[in-house]
Amino acid sequence: MTSPHELKGRDLLCLTDYSAEQITFLLDLAAQLKARYYAGERVLDVLRGRSIAMIFEKPSTRTRVSLQAAAYQLGAQPIVLSASELQLGRGETIPDTARTLSRFVDAITARVYRHSDLEVLAKYATVPVINALSDLSHPLQALADFLTIREKLGRLKGVKLAFVGDGSDNMLHSLLVAGSKLGVSVYVASPSSLQPDKRILEAARREAEASGAEIRFTEDPFEAVDGADVVYTDVWVSMGQESVAEQKRRLLSPYQVNAKLMERASSRAIFMHCLPAHRGEEVTDEVIEGPWSVVWDEAENRLHTAKAVLASLVP
Ligand code: CP
Ligand code: NVA
């Protein structure tokens, strides 16, 4: 399966490095692979003989299992590695790890605390490096999210997505970056003290100008959600932020997605969450289990978008 957009050999650290056409290509391929999977083509041969190292510095359910299953379904061997079990955990450097793994495998996916560590890994690796979540971004999840929105609403351009919660969230960064490229308007409701990374926001604003998408910030969740097609939230306390957990819970308590808030959205609005969810904090049970919720379809799309990314990037 060759990509007409020349993605073979590319890293995927952040969707800022990908054009709207390349993102759309990945979404189209994911949709195709999903259809083939449902038609009974469970295992394809496109990456036969390849191995993919998958490093995790943090826990993961969806990313770990979807990447592993995706590799298997494309004919490749996934090698899942907990960072603490590698010599990395005993002080071997990232450059040395990158150069060694590159001699064994055809790609490396990594979930890291610091995005800068991913950049070092990519600098020294001679095989593609794919971000499986960092403190800055979560591109694999954003691809699954936009595939889900396209499936549910039939379009991306002109869609209004309201993100309610932590304005400095890694997930929000990826939604801003990809949404602005794809013409999806992103309205953010968050406390003014929690703002996105400046470079991400500048990049998203530039892209929004070109695509016609809007990016707006408010402290009022009802204002952001008013008429929204998609209401999205993420945990209030991300992995690695445990030391500020209480402070963030206090700050974010007015930003819970509940039925009263959902009623301000469009009558056909969907509710999305990258998961894992903390019910009773950022979302209530009645919303995540209610008629708006598409979270399980969203989670499922992690598998098909992971396959699209691996099939396109792994040489
Ligand atoms: N959404 C997501 O990345 O979930 P995991 O942390 O379970 O991988
Ligand atoms: N913002 C969350 C996303 C989890 C998929 C975290 O980083 O923990």
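Atoms within each ligand, like the ligands themselves, are counted from 1 in listed order.
The shell of residues lying under 4.0 angstrom from ligand 1, judged by heavy atoms, excludes Met171. Ligand 1 is approached by Leu275 to a heavy-atom distance shorter than 4.0 Å. Ligand 1 lies nowhere less than 4.0 angstrom from a heavy atom belonging to Lys58.
Of the protein's non-hydrogen atoms, Thr61 N, 2.7 Å is the one closest to atom 7 (O) of ligand 1. The protein heavy-atom contact nearest to atom 6 (O) of ligand 1 is Arg111 NH1, 2.8 Å. Atom 3 (C) of ligand 2 has as its closest protein heavy atom Asp234 OD2, 3.5 Å.
Which parts of ligand 1 touch Arg62 is read off a 4.0 Å heavy-atom cut-off, strictly below it: atoms 1 (N), 2 (C), 4 (O), 5 (P), 7 (O), 8 (O). Here is the list of ligand 1 atoms found below 4.0 Å of a heavy atom in Gln141: 1 (N), 2 (C). Near His138, meaning under 4.0 Å from one of its heavy atoms, ligand 1 places the atoms 2 (C), 3 (O). For ligand 1, the atoms closer than 4.0 angstrom to any heavy atom of Arg302 are 1 (N), 2 (C), 3 (O). Here is the list of ligand 2 atoms found below 4.0 Å of a heavy atom in Leu133: 3 (C), 4 (C), 5 (C), 7 (O).
The side-chain tip of Lys58 points at the ring of Tyr113 from less than 6.0 angstrom away and within 45° of straight on. A cation-pi geometry, defined here as NZ or CZ lying under 6.0 Å from the six-membered ring centre and within 45° of its normal, does not hold between Arg42 and Tyr72.
Here atom 6 (C) of ligand 2 lies nearest to Ser238 when heavy atoms of Ala132, Cys274, Ser137, Ser238 are compared.
Between the side chains of Gln247 and Arg250, no donor-acceptor pair of N or O atoms lies under 3.5 Å. The closest side-chain donor-acceptor pair between Asp220 and Thr218, if any, does not fall under 3.5 angstrom.
A centroid separation of less than 6.0 Å is found between the aromatic rings of His304 and Tyr37.
The shortest N or O to N or O distance between Asn170 and ligand 2 is under 3.5 Å. On a distance-only criterion, Arg64 and ligand 1 share no N/O pair closer than 3.5 Å. Of the N or O atoms in Met239, none lie within a sub-3.5 Å distance of an N or O in ligand 1.
Listed here is the closest heavy atom pair of Val225 and Lys160: C-NZ, 4.4 Å.
Residues Leu143 and Asn301 form no side-chain contact, since every pair of their non-hydrogen atoms from C-beta on lies 4.5 Å or further apart.
Using a 4.0 Å cut-off between heavy atoms, Leu275 contacts ligand 2 through its backbone alone, with no side-chain atom that close. At a heavy-atom cutoff of 4.0 Å, ligand 2 is contacted by the side chain of Asp169 but not by its backbone.
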Check your understanding: Can Asp229 and Lys152 be said to form a salt bridge (Lys or Arg N to Asp or Glu O under 4.0 Å), step by step?
Key -> CA-CA 10 Å; Asp229 304 297; Lys152 300 291 173 191; over 6 Å; no
